[in-house]
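Chain letters run A, B, ... following the sequence lines, proteins first and then strands; every chain starts at 1. Keep in mind that this is a model prediction, so the values were computed, not measured.
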Protein chains: 2
Amino acid sequence: MITVKEVAEMLNMTEHTVRFYTDKGLVPSIKRDKNNKRLFDDESINWLTGVKYLKESGMSIEAIKEYVNLCLEGESTIPQRYEIFLEQQRKAHVQLEEAKKRVQFMDQKAEHYYQILNKVIPDNMNPGEWRKESQIVASK
Amino acid sequence: MITVKEVAEMLNMTEHTVRFYTDKGLVPSIKRDKNNKRLFDDESINWLTGVKYLKESGMSIEAIKEYVNLCLEGESTIPQRYEIFLEQQRKAHVQLEEAKKRVQFMDQKAEHYYQILNKVIPDNMNPGEWRKESQIVASK
DNA sequence: TAGCACCTTCGAGTAACACGAAGTCAATAG
DNA sequence: CTATTGACTTCGTGTTACTCGAAGGTGCTA
């Protein structure tokens, strides 16, 4: 049984956000101790972890809430829940591709600035020149 | 020379967002026609593309604005701009790793729901069981 | 018994859009 | 020649998801 602070650190969220999510009902299994403090057991940590992933893959708080409600309704909602995950799976794959492009972009720009600072090439780093530069790099 | 609508479609942004960014000064090279309409040439498209990547990798509008100002100040700011890109490069790599984890998570959950629907395994899909499930999958 | 760390609720503030209203302007259709 | 269409403009409010800080309760330690 761990506290808000601990679970926040564990999942790399702020304490405020953890409380925000629990207050919205996104962690139905959460408990309270005799002093009304939030306590997370393994089940609650799993819920919160799932919520975090769903959120990061683009679901709104409201949509996550609906998913949680479906879970609480029981097995009859499994087909709907499956549809939700298919959609989130699709989004996660799109996000992965976009993340790869960003890495490529940043790697290229950082490398370019490095070369300028080492007098390898002249300054044409302004974004106005970026496409040109990208084409040069891409054609290498 | 293309319009707001066209560049928005091209970069997959809303027209509102494009205007928002240009009004904040994030695309310094943007032009206007005789009727005061925004017009994007290649340089402006490059700026906007760069702004989009910086934003997606976690920079605030304010921070991007500062970067744009550094660009406009000339070559003397190259070391600072290099530092900015090193940081964004680092963030982009972290994001890539997170995106991979999300894909893994979503693939696993979608697969799990698929199996339940095909009566392969019983229902233990509630997040309360997710860690257990992940361990099982991981140990396969 | 005082201080400290940690928790609580509550309420206000913020970033980045998202959206709609109202108006301008140029081209085309009748 | 007028009128409608459609894309653009500015302006201003609304929304989401935090983010922060204040004010206060509780229990442990010195």
Heavy atoms from other residues, nucleotides or ligands near [atom1] of [X] exceed 12 (cutoff 6.0 Å):
| X | atom1 | result |
| --- | --- | --- |
| A:Q104 | CD | no |
| A:N12 | CG | no |
| A:K24 | NZ | no |
| B:E6 | CD | yes |
| B:K101 | NZ | no |

Is the phosphate of [N], meaning OP1 or OP2, less than 4.0 Å from a side-chain N or O of [X]?
| X | N | result |
| --- | --- | --- |
| A:R32 | C:dT9 | yes |
| A:K34 | D:dT26 | no |
| B:K5 | D:dA7 | yes |

Map B:I61 and B:K37 onto DNA chain C by nearest heavy atom, then report which one ends up closer to the 5' terminus.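 The residue closer to the strand's 5' end, by nearest nucleotide, is B:I61.
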Expressed as a whole number of angstroms, how long is the span from [X]:[atom1] to [N]:[atom2]?
| X | N | atom1 | atom2 | value |
| --- | --- | --- | --- | --- |
| A:K31 | C:dC7 | NZ | P | 19 Å |
| A:K55 | D:dC18 | NZ | P | 4 Å |
| A:K65 | D:dT16 | NZ | C1' | 16 Å |
| B:I64 | C:dA15 | CD1 | P | 14 Å |
| A:E62 | D:dA17 | CD | C1' | 13 Å |
| A:F40 | C:dC7 | CZ | C1' | 13 Å |
| A:D33 | C:dC6 | CG | C1' | 11 Å |
| A:M1 | C:dC7 | CE | P | 15 Å |

The side chain of [X] is closest to which nucleotide in this list: [options]?
| X | options | value |
| --- | --- | --- |
| B:N35 | C:dC25, D:dT26, C:dA16 | C:dC25 |
| A:T3 | D:dC8, C:dC7, D:dG27 | C:dC7 |
| B:N36 | D:dT9, C:dA26, C:dT9 | D:dT9 |

Given side chains that start at C-beta, do those of B:R38 and B:V7 come closer than 4.5 Å, heavy atoms only? no
Under 4.0 Å, heavy atom to any atom of DNA chain C: which of residues 17-30 of chain B qualify? B:T17, B:F20, B:Y21
With the 4.5 Å side-chain cut-off for hydrophobic clustering, are A:Y82 and B:V103 part of the same group?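 They do not share one cluster, since no chain of ILVMFWY contacts under 4.5 Å joins A:Y82 to B:V103.
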Between protein and nucleic acid, restricted to nucleotides 19-22 of chain C and to nitrogen or oxygen atoms under 3.5 Å apart, what atom pairs and distances do you find?
| residue | atom | partner | partner atom | Å |
| --- | --- | --- | --- | --- |
| C:dC19 | N4 | B:H16 | ND1 | 3.3 |

Are A:K109 and A:F105 in a cation-pi contact, defined as NZ or CZ under 6.0 Å from the six-membered ring centre and within 45° of the axis?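 Cation-pi check for A:K109 and A:F105: passes.
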Taking the ring centre of each residue, are B:F85 and A:Y114 less than 6.0 Å apart?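 No, they do not, as the ring centres are separated by 6.0 Å or more.
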For B:R81 and B:Y67, what are the C-alpha separation, side-chain angles and deciding distance, and is it a side-chain hydrogen bond (donor to acceptor under 3.5 Å, both in side chains)? CA-CA 7 Å; B:R81 289 188 256 156; B:Y67 167 73; 5.2 Å; no
